[in-house]
Amino acid sequence: MSFDYDDQNIFAKILRGEIPNQTVLETEYTLAFRDINPQAPVHVLVIPKGAYVTYDHFAAEADDVEILDFTRVVGKLCADLGVSTGRGDGGHRLITNAGRDGVQEVPHMHVHILGGRGLGRMLTAG
Ligand code: DGP
């Protein structure tokens, strides 16, 4: 399996500092920032700094340290943003759209953290 990464995508430009973002958390391997078009009171995007198109690309080719860091950042953010499932917080939904059928808009791997209100059923038709 091979994955083609387009380094002109918006998130690559954000990582290069060419486009501003509202950073929530940054580590050596991972960046988290506010979605420009929030769909819920909490809507944060988490991206690896490496050049990965989709989650399956990341899972296949990222180093263990990148995957560990990304996973820990998502967990820390859920707590920091008040959408954990611990401490009586209300919980959250993680979404990672991939490819054509996943209706992925930006071809740099990202996970949406959504929460702060009831999010309804997972999928709607169409
Ligand atoms: P998707 O690829 O469909 O999972 O969604 C991409 C998301 O990225 C979408 O919710 C809007 C957001 N987005 C697009 N362009 C920008 C941008 O320039 N800055 C920020 N912060 N978010 C963006």
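Both ligands and their constituent atoms are indexed starting at 1 by order of listing. These numbers come from a predicted model, not from an experiment.
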Taking distance alone, with no angle check, do Phe33 and ligand 1 share an N/O pair under 3.5 Å?
no

Do the side chain of Asp69 and the main chain of Glu66 share a donor and acceptor less than 3.5 angstrom apart?
no

Under 3.5 Å, is there a donor-acceptor pair between the side chain of Arg16 and the main chain of Asp7?
yes

Would you tell me which option among His108, His112, Met109, Glu105 has the nearest heavy-atom contact to atom 3 (O) of ligand 1?
Glu105

Taking the non-hydrogen atoms of His110, is any one of them nearer than 4.0 angstrom to ligand 1?
yes

Does the ring center of His110 lie less than 6.0 Å from the ring center of His108?
no

Below 3.5 Å, N or O to N or O, backbone or side chain included: is there any such pair between Val103 and ligand 1?
yes

Just to confirm my output: which protein heavy-atom neighbour is closest to atom 8 (O) of ligand 1, and how far is it?
Phe11 CZ, 3.4 Å

Please check whether Leu45 reaches ligand 1 - meaning an N/O of the residue sits under 3.5 Å from an N/O of the ligand, judged on distance alone.
no

Please could you name the atoms of ligand 1 that Asn97 approaches to less than 4.0 Å, counting only its heavy atoms?
1 (P), 3 (O), 4 (O)

Around atom 18 (O) of ligand 1, find the nearest protein heavy atom and jot down its residue, atom name and distance.
Ile10 CG2, 3.2 Å

Out of curiosity, Leu45 CG to Leu31 CG, how far, rounded to the nearest 0.5 Å?
9.5 Å

Quick one: do Lys49 and Glu28 make a salt bridge, cutoff under 4.0 Å?
no

pair Ile47-Phe33: side-chain heavy atoms closer than 4.5 Å:
yes

Is Asn21 reaching over with its side chain to a backbone N or O of Thr23, donor-acceptor style, under 3.5 angstrom?
yes

Does any N or O of ligand 1 fall below 3.5 Å from an N or O anywhere on Arg34, backbone included?
yes

At what distance is the nearest protein heavy atom to atom 23 (C) of ligand 1, and which residue and atom is it?
Ile36 CG2, 3.4 Å

Using a 3.5 Å distance criterion without hydrogens, assess whether the side chain of Gln104 forms a donor-acceptor pair with backbone atoms of Thr96.
no

If we only count N/O pairs under 3.5 Å, is Asp35 in contact with ligand 1?
yes

